[in-house]
Amino acid sequence: MSQTDNYESVVSSADSKIATFDESGKGFVGRFHDVLHKTPSMVPLIVLLASILIFGLALGSRFFSPFALTLILQQVQIVGVLAAAQTLIILTAGIDLSVGAIAVLCSVVMGKLTFDYGVPPALSVLLGLIAGTGIGGISGWLVSRLKLPPFIVTLGMWQIVLAVNYLLSANETIRAQDIEAEARFLQFLGVKFSVAGATFNLGVVLMIALVFILAYALRSTAWGRHVYAVGDDPEAAALSGVNVHRTFMSVYMLTGFICALAGWVMIGRFGSVSPSATTGVIGNIQAITAVVIGGVSLFGGRGSIVGAFFGALIVGVFELGLRMAGANPQWTFLLIGVLIIGAVAVDQWIRKVSA
Amino acid sequence: MSQTDNYESVVSSADSKIATFDESGKGFVGRFHDVLHKTPSMVPLIVLLASILIFGLALGSRFFSPFALTLILQQVQIVGVLAAAQTLIILTAGIDLSVGAIAVLCSVVMGKLTFDYGVPPALSVLLGLIAGTGIGGISGWLVSRLKLPPFIVTLGMWQIVLAVNYLLSANETIRAQDIEAEARFLQFLGVKFSVAGATFNLGVVLMIALVFILAYALRSTAWGRHVYAVGDDPEAAALSGVNVHRTFMSVYMLTGFICALAGWVMIGRFGSVSPSATTGVIGNIQAITAVVIGGVSLFGGRGSIVGAFFGALIVGVFELGLRMAGANPQWTFLLIGVLIIGAVAVDQWIRKVSA
Amino acid sequence: SDIGACLITKTDTNPFFVKMREGATAKAEELGIALNSYAGKIDGDNETQVAAIETCIANGAKGILITASDPSGIVPSLQQARDAGLLVIALDTPLDPSDAADMTFATDNFLAGELIGKWAAASLGDAAADAKIAMLDLAVSQPTVGVLRDQGFLKGFGIELGDPNKWGDEDDSRVVGHDVTAGNEEGGRKAMENLLAQDPFINVVYTINEPAAAGAYEALKAIGRENDVLIVSVDGGCPGVQNVAEGVIGATSQQYPMRMASLGIEAIAAWAKDGIKPSATDGKDFFDTGVSLVTDQPASGVDSITVAEGNDLCWG
Amino acid sequence: MEPILKARGLVKRYGKVTAIDQADFDLMPGEILAVIGDNGAGKSSMIKAVSGAVVPDAGKIWLEGREINFRSPIDAREAGIETVYQQLAMSPALSIADNMFMGRELRKPGVRGSLLRQLDKPAMQAFARQKLNDLGLSTIQNINQAVESLSGGQRQGVAVARAAAFGSKVVILDEPTAALGVKESRKVLELIQDVRARGIPIILISHNMPHVFEIADRIHVHRLGKRLCVIDPKDYTMSDAVAFMTGAIEAPKAA
Amino acid sequence: MEPILKARGLVKRYGKVTAIDQADFDLMPGEILAVIGDNGAGKSSMIKAVSGAVVPDAGKIWLEGREINFRSPIDAREAGIETVYQQLAMSPALSIADNMFMGRELRKPGVRGSLLRQLDKPAMQAFARQKLNDLGLSTIQNINQAVESLSGGQRQGVAVARAAAFGSKVVILDEPTAALGVKESRKVLELIQDVRARGIPIILISHNMPHVFEIADRIHVHRLGKRLCVIDPKDYTMSDAVAFMTGAIEAPKAA
Ligand SMILES: Nc1ncnc2c1ncn2[C@@H]1O[C@H](COP(=O)(O)OP(=O)(O)OP(=O)(O)O)[C@@H](O)[C@H]1O
Ligand SMILES: Nc1ncnc2c1ncn2[C@@H]1O[C@H](COP(=O)(O)OP(=O)(O)OP(=O)(O)O)[C@@H](O)[C@H]1O
Ligand SMILES: O[C@@H]1[C@H](O)[C@H](O)CO[C@H]1O
Ligand SMILES: [Mg+2]
Ligand SMILES: [Mg+2]
């Protein structure tokens, strides 16, 4: 046998030098590309800062006021929370068309329980959060166990949840005044406080906290690594020892929970509980827009929650800026369309150049 | 050298028998499974026939009347045409959120040119079709050349096209009566004829012809094979000699053209030109729903145009059947959501069993 | 011009609001007011309206004209605006509670429905007792305008209402069914077909607005029944009035958006100059910009104006 | 001696294809067992059944004499069976260290680990670095590099290093050197012998006869979905083995 | 003699990695040229540059003395260069026949072909069947089977058959036997010799030294992104070749 492989023994004396090539054109640009490469959420951050700058220059102190700048945060709080939920699903290579509908339904559940069934507000909120988690769990189960495409599952779920929402609420809005009088806790996330002339509310704080917590969980816990692995290649993840089913279930349930939180944020922001809130119909597209502008790949496994948060802010800055500049609604709509394509094109280009 | 490989020479006398195993449980079920495997559009066809049967049994002759059955065809003609367009994009592993908006814009272009600029109706239709093709071309270029995700490109395009539609039309409807008096050709696809008590119109004929032509092109021409190959694995397609860019461009332009046709179908069906037609807003989701119920994979490369057509009919049967059975609009909305999930689950299950 | 004003409409995809904006823009130019217009993305879009109000405050506008998508949901945001010293005028749709606005310039939507209901019943005469009615509404989310007109129509026709805050809970067998139209031709045609499939002998059709009516007409025409069905509608847009003239629609309740808008702009101008708020129509808690029934077949006991008169007043 | 891993009558069908057809299998403690056979003979399918990646339609499997019923690869890993699959199971976008510890991540000591569940990235990186160096994969400069940026050979190396590092009872390698160059293949063969020296038995699937004959203690010949025979490389030549597996000559009755 | 395919000074960078670093290359008419080298040496990158799959950053390529500038694999195919890539370029959901004719489909004669552009499926299937039989891949029962349902070895066979059938000037094979069993590998080697017998030169990338030394006329040794040397297998042993490619000994000055 040995004569067949003696030629292989030569390798013991092989040269162990590794290929190294001169790093051409390093310096500032090169180092900048390295940074972009290592922290992909830098790209949306740059776009965000650039758009703030541009609108600031165009609109002056009206835009650069604490009022206007914190207004952006307040205006994106719902979409921001939904985008966090959406990011989780998209990281697993899915997509969730039901996020907005779940948020609205959960806000209705919280309101209905309190006003029609006399449940104490805090308990209603808790039950609303549980409802959201449950709906997410059903979607997760359909995706993970029945192997149905997430697009379909959540498309169906979207319609089901919206219809249940209308049926349950009989389309009646619970008025802000009534909530304020009888169940203030439902509006808890609307509580405002001022810091140096800027107004924040607890909903904004919740959104930022959520982004931080999820960013930590995705980056620094085993669960986070598993979410990325499942999105990257579920089969490979399963073979290398990830409990794919548990990961899917946890992601979809957590997403449902966060959507329910968004429902609570909605009560805080609008004061009232309104079953016909548009978030139910267009919240999904808004959240997806934020996520993709934030550089998260629709193919799964790549991107960060912080990027999605910046994505939501970019849209917020554009919408507020265009509105303040007096652009008419259709032009605003058109320009947001251009922004979506443009932002992703810039992102793609920067990544290519810095590859 | 020769001593190293002499063991390989043994293979010249190797047994050339191939592994064969007894085909257990053939017979009717087995052969049925074979058929399902070879013609995947059988699955939605079965679902379609089953739903017609169920509603027929439940509703009796009201449903089994030529009136009700041809009504379904008339009601699905727009979604059916859009689903054909959507299928092409989805086969290339893309998705098109702008199909409905393009249809509405093109119908507005046809109407505006005729009524505001005095262009002869036939030429207006032609220019409308060219406009649709052009919009498709822009999306195609962004997808193929800039490598932007189709979801993003068409999400942006959707908003842009809808905004242009409103800006262009100032939201004014062109009345059916005016079109009838001055530009009948715009309503050409609304022309009716009767066959054995059933009423058809040219729009329905166009839809069916389109399905046949596209089915032929996808199955029996090189272009069709390339569409599948590009959807399956664009890199592999490029390496094995497919002009990927040309294929993408042709698919997106053709899709835009078909959407413009759908716009023309809309004028035939509604008589009027209405910029606020619902198709602009939900036509995309309706078309995607039909396509996925029809068994076309959202991951590209698998499925057929005939399946998507059956998918559109399934939704049509359910919507009309539920309404005839007296379900209220909200319940119908909910049940369509259940149908979407259910149909895909059944499809998945049949495929698994027959694998 | 340093006086800023905002117009916030439900959407700007509906000609009604397009015209309202045109009226407001014209008046604003005349009075030297800088007008910014905003609109929700779809009907019922409260979120975008809230964001628009906040923008107006940030922009330092003097007043807001709003057609609220969610009449009670929008109240806290408008309160914020009033606290910041802006005049808030509700157009078209009263707020809930209505004193959440400094004044309301509106059509009475329930009344608009009631007029066409009464007219339809009167036109049918004795046949009204066994009419077959199709109700073509706006959306499954049952926005208030749709509910008010629907329930007004039924009341005017002489049908007992269930809960007046929602449609679809009536027991009267004359109502064949409800379906939704999104307020356009496409939805109107499909909804009409669906209800015809339930009962081909429908002879009265209520529609939320005139585009939906035009769609319903196409569906009836397709089966050759366009001449034996009574279609009624609301809005009074120029194409709608034209359709009344041509017999597509039997009667329509006309409202006056240009008037609402120009009155609103004048009110803001007055507020900015002299700090005066407008006052309500006598006997009502809002400024009624009026509604008129437009038809050339007047029915006894129901006031109406002719198509020619309607044409002079129509808005788009 | 009792086999450490034993299977009897395994069956697995994919639709019309019977990938495993009443296959038997025995791995003895401390041995290197090579599995050879034509393309499509069912080698990969069999080891997938044994490692929990596929649930067989019929048949029984015993590990150290106790019957086992793996429902997933996680079960097999917990029982100490580590596998390098033919289509490497790696997450391309994640780093080498992440991939090596996938599903058995190390957490920081103290509350940061127990309460905040924080990963101990430095520890995992150091361990991964160490294991790659053992394999001579020192050309990998950055342990935090995404796996997708590695060459095919380097990737294979990472997978083998992972299995060798964590396998406590059995290590299974499905064609681990197929994509590797001469030098890299040698390293893998050396590593296999190191693992065996630690007393851990190895299953090696390979089409490379010289390699098989060089390091295997016994050779399991697979043909048409089942075990044809087991031979001792000292008793037979490579030509014999190829003749058995391709059906050119009748197989011997017993190993 | 003039090389049929010649390249000078090829360079290709991927971000920080220089995959091809001033590489030269010569293929003589009618010869089998083997290319050997470590994993990551840049072999695949070089042949991708030559076959149009990758556009080099610098360098020139000549085919039959005329300078060429392929912008895509289609250009190369039209010039008569057929390639089997390491990651097989196949559309998994399409049939074997579809894959073999991808990009050069046959159309029906007459108007059905010219006007209706109808494919001549029977002709394509018969041709595909024939080519697979030539390769001894008779285990493939159904030519209309989707490629994804084939075993790795069978897939490799289809790719090789495609290249052999259509290559008119040059056939390039990047590790065509890596996934193949003993029997299947032999068939590929025989096929390579058949192609050469038709007068068509072949480039064969392989890590299998015995195969390389058995069939190559000349061996191109690649190292660190460039051609190190070209040797005649009759003048050197396998040990020498491995020593050159791994850098264990200095390479000879000229081939
Ligand atoms: N998931 C699957 N679905 C359908 N058929 C499969 C699947 N996995 C394996 N097969 C079939 O089972 C048979 C055995 O495949 P297997 O991969 O076990 O062979 P192998 O001996 O490992 O071959 P190779 O040496 O080429 O790796 C083949 O005919 C293959 O096509
Ligand atoms: N698309 C790519 N992007 C980034 N780096 C790449 C790409 N393709 C190749 N490389 C890098 O270029 C170098 C050469 O790779 P190549 O595939 O040409 O090597 P090879 O000699 O074919 O190796 P093997 O024998 O493993 O196939 C490697 O370091 C590889 O990581
Ligand atoms: O409230 C509005 C108007 O009254 C008009 O009829 C348009 O549609 C409704 O939404
Ligand atoms: Mg295998
Ligand atoms: Mg290579």
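Residue numbers start from 1 in every chain, and the chains themselves are labelled A, B, ... in the order their sequence lines are given, proteins ahead of strands. The structure displayed is predicted, hence computed values, not measured ones. These numbers come from the heavy atoms of this one structure, side chains and all, not from hydrogens, waters or symmetry mates.
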I need the residue from B/Gly326, B/Pro329, B/Gly280, B/Ser65 with the largest number of non-hydrogen atom pairs under 4.5 Å to chain C.
B/Pro329
Hey, which residues of residues 200-208 of chain B are touching chain C, say heavy atoms under 4.5 Å apart?
none
Chain B contact via C/Ala191 - which portion, at a heavy-atom distance below 4.5 Å
neither
Result block: side-chain N/O donor-acceptor pairs under 3.5 angstrom for residues 282-289 of chain B, not counting sequence neighbours:
| residue | atom | partner | partner atom | Å |
| --- | --- | --- | --- | --- |
| B/Asn284 | ND2 | B/Leu97 | O | 2.8 |
| B/Thr289 | OG1 | B/Ile285 | O | 2.6 |

Determine whether C/Glu210 and B/Arg175 satisfy the following criterion, salt bridge (Lys or Arg N to Asp or Glu O under 4.0 Å), listing intermediate values before the conclusion.
CA-CA 11 Å; C/Glu210 288 143 3; B/Arg175 296 188 323 134; over 6 Å; no
For B/Gln330, is it the side chain, the backbone, both, or neither that has a heavy atom closer than 4.5 Å to a heavy atom of chain C?
both
C/Glu218 vs B/Arg269, salt bridge (Lys or Arg N to Asp or Glu O under 4.0 Å): CA-CA, chis, key distance, verdict:
CA-CA 8 Å; C/Glu218 291 296 315; B/Arg269 174 156 160 79; over 6 Å; no
With rounding to the nearest 0.5 angstrom, report the CG to CE distance, C/Leu195 to B/Met324.
11.0 Å
Under 4.5 Å from a heavy atom of chain C, the part of B/Pro275 involved
neither
Under 4.5 Å from a heavy atom of chain C, the part of B/Gln159 involved:
neither
Are a donor atom and an acceptor atom from the side chains of C/Asn194 and B/Gln75 found within less than 3.5 Å of each other?
yes
What part of B/Ala68 gets within 4.5 angstrom of chain C, counting heavy atoms only: side chain, backbone, both, or neither?
neither
Interatomic spacing from OG1 in B/Thr199 to CD1 in C/Ile223 - rounded to 0.5 Å
9.5 Å
Side chain / backbone / both / neither for C/Lys221 at chain B, heavy atoms under 4.5 Å
both
Tell me whether C/Phe201 at atom CZ has more than 12 heavy atoms from other residues, nucleotides or ligands lying less than 6.0 Å away.
no
Heavy atoms of other groups near C/Asp171 CG, more than 12 under 6.0 Å:
no
Can any side-chain N or O of B/Asn171 pair as donor or acceptor with the backbone N or O of C/Asp12 at less than 3.5 Å?
yes
Contact listing (chain B partner; residues 244-254 of chain C; heavy atom under 4.5 Å)
C/Glu246, C/Val248
Of the backbone (N, CA, C, O) and the side chain (C-beta and beyond), which part of C/Ala214 lies under 4.5 Å from a heavy atom of chain B, both, or neither?
neither
Which heavy atom of B/Thr278 sits nearest a heavy atom of C/Gly187, and at what distance?
OG1-N, 4.4 Å
Under 4.5 Å, counting heavy-atom pairs only, tell me which of C/Thr11, C/Asp179, C/Val18 racks up the most with chain B.
C/Asp179
Winner by heavy-atom pair count (cut-off under 4.5 Å) against chain C, out of B/Gln177, B/Met266, B/Glu319
B/Gln177
Could you please state which residues from residues 161-170 of chain B sit under 4.5 angstrom from chain C, measuring non-hydrogen atom to non-hydrogen atom, sorted by number, or 'none'?
B/Tyr166, B/Ala170
Scan side-chain atoms only and decide if B/Thr173 and C/Glu185 contain a donor-acceptor pair under the 3.5 Å cut-off.
yes
Using a 3.5 Å distance criterion without hydrogens, assess whether the side chain of C/Glu186 forms a donor-acceptor pair with backbone atoms of B/Phe270.
no
Side chain, backbone, both or neither: which part of C/Gln142 has a non-hydrogen atom closer than 4.5 Å to chain B?
side chain
For residues C/Asn14 and B/Ser276, is any side-chain donor paired with an opposing acceptor at under 3.5 Å?
no
Heavy-atom distance under 4.5 Å to chain C: side chain of B/Ser272, backbone, both or neither?
side chain
Run the side chain to side chain contact (heavy atoms under 4.5 Å, CB included) check on B/Phe67 and C/Glu193 step by step: do they pass?
CA-CA 10 Å; B/Phe67 174 73; C/Glu193 286 169 344; over 6 Å; no
Tell me, out of B/Lys192, B/Gln74, B/Glu172, who's got the most heavy-atom pairs with chain C below 4.5 Å.
B/Lys192
Output yes when a side-chain donor or acceptor of B/Arg323 lies under 3.5 Å from a complementary backbone atom of C/Gln198, and no otherwise.
no
Largest heavy-atom contact set with chain C, pairs under 4.5 Å, which of B/Leu320, B/Leu71, B/Ile78, B/Asn328
B/Leu71
